[in-house]
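Worksheet for the structure shown next.
Both counts, for ligands and for their atoms, begin at 1 and track the order of listing. The basis for the numbers below is simple: all heavy atoms, side chains too, and nothing from hydrogens, waters or symmetry mates. Everything quoted here is computed from the prediction, not taken from an experiment.
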Amino acid sequence: MRIFEKLAEYRYEQVVFCHDKYTGLRAIIVIHNTTLGPALGGCRMYPYASEDEAVTDALRLARGMTYKAAASGLNLGGGKSVIVGDPDEDKSEALFRSFGRYVETLGGRYISAEDVGTSIEDMENIRLETSHVAGVDVTHGGSGDPSPFTALGVEQGMLACAEEVFGTPSLKGLTVAVQGLGHVGYHLCKLLHAEGARLIVTDLNPSLTKKAVREFGAKPVEPDEILSFPCDVFAPCALGAVVNDGSLPKLRCSIVAGSANNVLAKSYLGAALSERGILYAPDYVINAGGLINIADELEGYNEQRATKRVMRIRDSVQRVIAISKRDHVPTNIAADTLALERIDAIGSMVRLHTGHPYGMPHRRRETI
Ligand code: NAD
């Protein structure tokens, strides 16, 4: 791989290769952009088949975090790390402490957190070597399970969409089809039920579907029926790439708004949804509640403050819709514009006052 060409393509700031013979650590930390603040991003552990695959994944994920933090109004940049290894076989205290030491060398430019393949226990081991880690145990100032906050953000984003499409900032009486009733989907159903929405639900796990039927009076459907079921809002809370060339013509909803990452299999599907008259709430804007909640740990976790900030996802989705109309672009493109405009505005201010392209990136700033 021609690393510098890759870094130049999307203006990555830094890539750190971490190696420790004694613990077997092979990790890559990518800092994409720290204009808005230190780069926060999860540490993923995965048995990558090749080094190229690991680098490519870390680069892609780090850049995504820059956009997500910026569009969420957080004073954080984008970063990510990957540890090459099997989470079921290769974990040890020493491995994560060794990784923590590398994070510490970055002096706060990168803040680690939980991700696929890592757990709170791993974050606790990282914490033994560096304070630049979030998502630690609640006894150490951690913010706990992010899912209820992700669900709250999705509900707020849905409200913004409902106001735009139906002219009323309420979900009462609307039919919402929820795909996936796991950590986020369940909490989302609870919120929607309390608001008076009618629920259509499905999960591969029938016991989760039964629970939603019992607790929320939801109507169950088979997993392969949910996409084409007539509804006002389709809420993907299971997998990515649910909107693809095959599923697009089947959708019978006015809004797509859920927690799943990478909802659109390809970027052009944003325009395709818009052409079909379906309003799409961009995934990384509407599912940022968990990130906003965990970021609050950096100021000393306060649940009330975190909740207030998560509720601003409604404003962010409204802004995305406004940009989409202003620029005549689909909402997935408008979300990127929202993020980039904020980074550009703060970046010019920082350059003007410090003469340095990235200002003082390791200094933490309070989120407004
Ligand atoms: P989860 O694993 O707890 O739940 C996912 C559920 O989807 C499971 O119950 C699974 O059985 C079900 N499922 C999988 N495939 C399905 C299918 N084809 N049809 C119906 N159901 C199916 O995951 P989660 O934490 O609830 O996250 C849900 C989605 O939201 C994921 O895409 C995740 O990446 C994303 N997300 C989660 C958070 C968070 O705070 N947990 C934050 C941001 C994004």
Side-chain angles (χ1 to χ4, degrees), residues 40-42 44 46 57 60-61 64-65 67-69 71-72 74 78 80 113-120 134-135 142-158 176-192 199-213 218-229 231 234-244 246-247 250-251 256-265 281-297 306-307 309-310 313 316-317 335:
L40 173 69
R44 182 165 287 196
Y46 189 78
D57 206 28
R60 176 181 68 82
L61 294 165
M65 291 306 295
Y67 284 78
K68 187 166 181 169
S72 306
L74 292 168
K80 204 84 181 184
E114 217 181 301
D115 202 89
V116 176
T118 57
S119 64
I120 289 196
S143 53
D145 180 9
S147 313
F149 295 89
T150 304
L152 176 65
V154 171
E155 183 237 9
Q156 291 297 309
M158 230 180 243
V176 184
V178 183
Q179 180 189 43
L181 303 165
H183 290 92
V184 181
Y186 172 78
H187 287 289
L188 179 64
C189 285
K190 199 173 185 175
L191 292 168
L192 298 176
L199 294 172
I200 312 294
V201 295
T202 196
D203 197 289
L204 293 181
N205 178 346
S207 70
L208 295 179
T209 310
K210 278 188 197 138
K211 193 173 170 202
V213 171
K219 177 182 164 55
V221 296
E222 291 301 319
D224 60 357
E225 288 177 327
I226 194 98
L227 272 159
S228 52
F229 204 91
C231 59
F234 170 57
C237 297
L239 337 140
V242 277
V243 176
N244 50 50
S247 67
K250 295 186 191 158
L251 290 171
V256 173
S259 73
N261 283 310
N262 307 315
V263 168
L264 306 179
D283 44 13
Y284 70 78
V285 178
I286 197 168
N287 75 12
L291 172 68
I292 297 170
N293 186 53
I294 208 173
D296 203 88
E297 286 180 28
T307 303
R309 287 176 178 167
V310 170
I313 286 179
S316 302
V317 173

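Protein heavy atom in closest approach to atom 12 (C) of ligand 1: D203 OD2, 3.2 Å. The nearest heavy-atom contact from the protein to atom 16 (C) of ligand 1 is L204 CG, 3.5 Å. Residue, atom and distance of the protein heavy atom nearest to atom 40 (O) of ligand 1 are T150 OG1, 2.7 Å. Among all non-hydrogen protein atoms, the one lying nearest atom 26 (O) of ligand 1 is V184 N, 2.8 Å. Scanning all protein heavy atoms for the shortest distance to atom 34 (O) of ligand 1 gives N261 ND2, 3.0 Å. For atom 28 (C) of ligand 1, the closest non-hydrogen atom on the protein side is C237 O, 3.1 Å. The protein heavy atom nearest to atom 32 (O) of ligand 1 is A238 O, 3.1 Å. Regarding atom 43 (C) of ligand 1, its nearest protein heavy-atom neighbour is N287 O, 3.6 Å.
Counting protein heavy atoms under 4.0 angstrom from atom 23 (O) of ligand 1 gives zero. When distances from atom 2 (O) of ligand 1 to the protein are checked, no heavy atom turns up under 4.0 Å.
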Could you pull out all donor-acceptor pairs under 3.5 Å where a side-chain atom in residues 146-157 meets a protein atom, sequence neighbours excluded?
unit_1, atom_1, unit_2, atom_2, d
S147, OG, D145, OD1, 2.8
T150, OG1, P146, O, 3.3
T150, OG1, G290, N, 3.2

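Between T209 and P220 the shortest heavy-atom distance is CG2-CB, 3.7 Å. Taking each heavy atom of G182 and D203 in turn, the nearest pair found is N-OD2, 3.9 Å. Closest heavy-atom contact between N287 and G258: CB-O, 4.5 Å. Minimum interatomic distance between A260 and A238 (heavy atoms only, all atoms of both residues): CB-N, 4.2 Å.
Scored by the side chain to side chain contact (heavy atoms under 4.5 Å, CB included) test, D57 finds R44, Y48, R60, L61 as partners (sequence neighbours excluded).
Residue contacts with ligand 1 include S259, since one or more of its heavy atoms lies under 4.0 Å from the ligand.
Here the side chain of Y284 pairs a donor or acceptor atom with the backbone of A335 at under 3.5 angstrom. Looking at E297, its side chain does come within 3.5 Å of a backbone N or O of G135 through a donor-acceptor pair.
Using a 4.0 Å cut-off to heavy atoms of S147, the atoms of ligand 1 that qualify are 40 (O), 41 (N). For ligand 1 and L239, the ligand atoms under 4.0 Å from any heavy atom of the residue are 14 (C), 15 (N), 18 (N).
Side-chain contact annotation: T118 with D115, donor-acceptor N/O pair under 3.5 Å absent.
Contact annotation for L208 and ligand 1: only side-chain heavy atoms (C-beta onward) come within less than 4.0 Å of the ligand.
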